[in-house]
Number of protein chains: 2
Amino acid sequence: MKRLAVLGSTGSIGTSVSRVVARFPDRFAVTALAARGNVELLARQIGLHAPRIAVVADEARAKRLAALLPDSKTEILHGPEGYAQAASLPDVDMVVSAMVGAAGLLPTLAALSAKKTVALANKETLVMAGALVTETARKNGVSILPVDSEHSAIFQCLQGQDRSALARLVLTASGGPFRILEKEALANATPGDALRHPNWTMGKKITIDSATLMNKGLEVIEARWLFDVPVDNIGVVVHPESVIHSMAVFHDGAVLAQMGVPDMLVPIAFALSWPDRLPLAQLVPDLASMGKLTFEEPDTERFPCLKLAYQAAREGGAYPAVLNAANEEAVGAFLDRSLSFPGIAEAVEDALSAFPAPGKLELEDILAADAWARARVARRVDGEV
Amino acid sequence: MKRLAVLGSTGSIGTSVSRVVARFPDRFAVTALAARGNVELLARQIGLHAPRIAVVADEARAKRLAALLPDSKTEILHGPEGYAQAASLPDVDMVVSAMVGAAGLLPTLAALSAKKTVALANKETLVMAGALVTETARKNGVSILPVDSEHSAIFQCLQGQDRSALARLVLTASGGPFRILEKEALANATPGDALRHPNWTMGKKITIDSATLMNKGLEVIEARWLFDVPVDNIGVVVHPESVIHSMAVFHDGAVLAQMGVPDMLVPIAFALSWPDRLPLAQLVPDLASMGKLTFEEPDTERFPCLKLAYQAAREGGAYPAVLNAANEEAVGAFLDRSLSFPGIAEAVEDALSAFPAPGKLELEDILAADAWARARVARRVDGEV
């Protein structure tokens, strides 16, 4: 019986985790559920899983949640301390880190420091503070298991393989909803257009990131830390069918690829049940019926975010944190229609070039870089820089 | 240092093994080389590897070989006893079984009985006597490592995986040189046409087998024994680019595939160096440049050999040995222009339907079935049945 703390339980990943747990009750139990503000869904999940602890963002929401659950024995916590507490409970074996954006960093560090295996869906954690997070995992002797489809694919491909023979990683990208749109048309792309992802059903932030290819850039940085491969040995190929989820290339010329239908259930379940596989009885792609799988180079002229991510990764230090924070704010501004679609990449590029690189790189420097980049984008949106 | 006995050293696989050994002299040494009749090439290989033992098919060839190597210390043996001796030398760690056709069976059994790991390129061994061969390996506590590209692909995909979660195997087939030829045109196909394989450079027998799809049928039966998967859970998909070499499907919906350029060097080297991978620095397929990978169902109406192989595998017993022997003879007759291209499948079908099934299934029954099928095809070629 694996006992879970699910951080971000009401999001896209969290609800899938909840489904897997409900389907395999002899394998998993939920000790803690944490969400930001969707107290109605969280209340239903508490009813289903009866966790010992539930956490929401603030006291007001904690009160609303308590009001929805008059007879529940679940203890309700709130705020950053609540999240950190849920991430480090003694009766938890695995923490699912699936909060959106930079908010996932501190609870993930808390989980690793408390020697919990972390199933990591929050890529921003590794983008912002990859060195710190992987070092914390190493020092505490615990594993970070990827939940992202691409990283799960690579993780699956690397099982039982000669790791010294790993030469390169290749992440596949669907290309997003604007793959074949002319550069000129991108200037008029609306949030509604960008949210229509061709293959994957995901949260808003990650769907916009898929449209800009920033998602793939963040994944390159995530892969760099998860698999300890230099970013220049990580490639990206656009594969609109999203059947091949990613690939590992070995120094003998062999390439291992993981394939499947585009459904997050498989990677989520693999992280939960690793090294076993759960009998999900998912459909598998019928290649003969599909007829073909197609591939193309990513176009970093129309989608400069991918190039910016490589650039930030090569710079290292706090630059990936700046990239990530500037992107989060810019995506928010785009969703609010305060920035155009190309304005997202422009805001990120501006933040990267204006950022005053700090001398050292402790957690505080990363958080300061994060705050600096957010303020910079806000000023840019307001026309101040 | 791994000490090898290479059976079939002058064939397509054997020469690649020789190249790998020559390239990694700190990892491999050759204790024995065995070939059928190409004494000139064998003499060169003896000069290169200085094995303790060399074997050829008969005394006349042994004398010719000795005459080519007046100063060599290599002991020269001949005939079936010579092959069996080379396969079971005490100072050999791994036997590479790469003889063509049914001739590989007895030396492979000798190697397994002498507790040698076998790198198996000779698929006929498992097709004829899969139960006996795998049981011999099990009883002696040794492994059979696949060398065939498709089986190596699956073997690579299964490393470190939850074997209880394995649901299906999918073998890819190039479709061969006649993939898009009309049924009517197949009747006039010549050996020269059939020997022009689009992707792989291989021996004559296997190239004709690729043109009839019998090669894929034999591989289905081979996979059934190597991976202990029922034939009805083994599928075939035609994939003309031969980039995906085969796939393993798990019960969670994940599919693992091994890819690479179509070069036997990678699977050969993996069998030799397993579980490590050698730094071969092979090219890897550039999917973006290729643009697409294509797939289609195999057409068993134009290529009935694939259907016949499934049928023989389902019947079990000595039927796969009959399938294999009838096919070997029929391919020989086609190469001699005594049979038409469609005549190969017809001769195999005739042998399968005329075969009087034996009650038990010892090695003698398998060899008797093999001899019976060869005689049947010979009579058919002569117009007697």
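Heavy atoms only: backbone and side chains are in, while hydrogens, waters and symmetry mates are out. Below, chains carry the letters A, B, ... as their sequence lines are ordered, and counting in each starts from 1.
B/Trp274 has its side chain out of reach of A/Asp162: every pair of non-hydrogen atoms, C-beta onward, lies at least 4.5 Å apart. With a 4.5 Å cut-off on side-chain heavy atoms, A/Glu296 and B/Leu287 do not count as touching.
In this structure, A/Gln161 contributes its side chain and B/Gln156 its backbone to a donor-acceptor pair below 3.5 Å. In this structure, A/His251 contributes its side chain and B/Arg277 its backbone to a donor-acceptor pair below 3.5 Å.
Closest heavy-atom contact between B/Asp252 and A/Leu280: O-CD1, 3.6 Å. The shortest heavy-atom contact between B/Leu293 and A/Phe295 is CG-CE1, 3.7 Å. The nearest pair of heavy atoms linking A/Val284 to B/Gly253 is CG1-O, 3.5 Å.
Proximity to chain A involves both the backbone and the side chain of B/Leu256, based on heavy atoms less than 4.5 angstrom apart. Contacts of A/Met290 with chain B are absent, with no heavy-atom separation under 4.5 Å from either backbone or side chain.
Counting heavy-atom pairs closer than 4.5 Å to chain B, the top-ranked of the candidates A/Pro279, A/Ala165, A/Pro298 is A/Pro279. Of the residues considered (A/Ala167, A/Ala254, A/Gly260, A/Ala281), A/Ala254 shows the highest number of contacts with chain B, using heavy-atom pairs under 4.5 Å. When each of B/Ser289, B/Ala257, B/Ala248 is scored by its heavy-atom pairs under 4.5 Å with chain A, the top score falls to B/Ala257. Heavy-atom pairs under 4.5 Å with chain A were tallied for B/Gln282, B/Lys292, B/Met259, B/Glu297; the largest tally goes to B/Met259.
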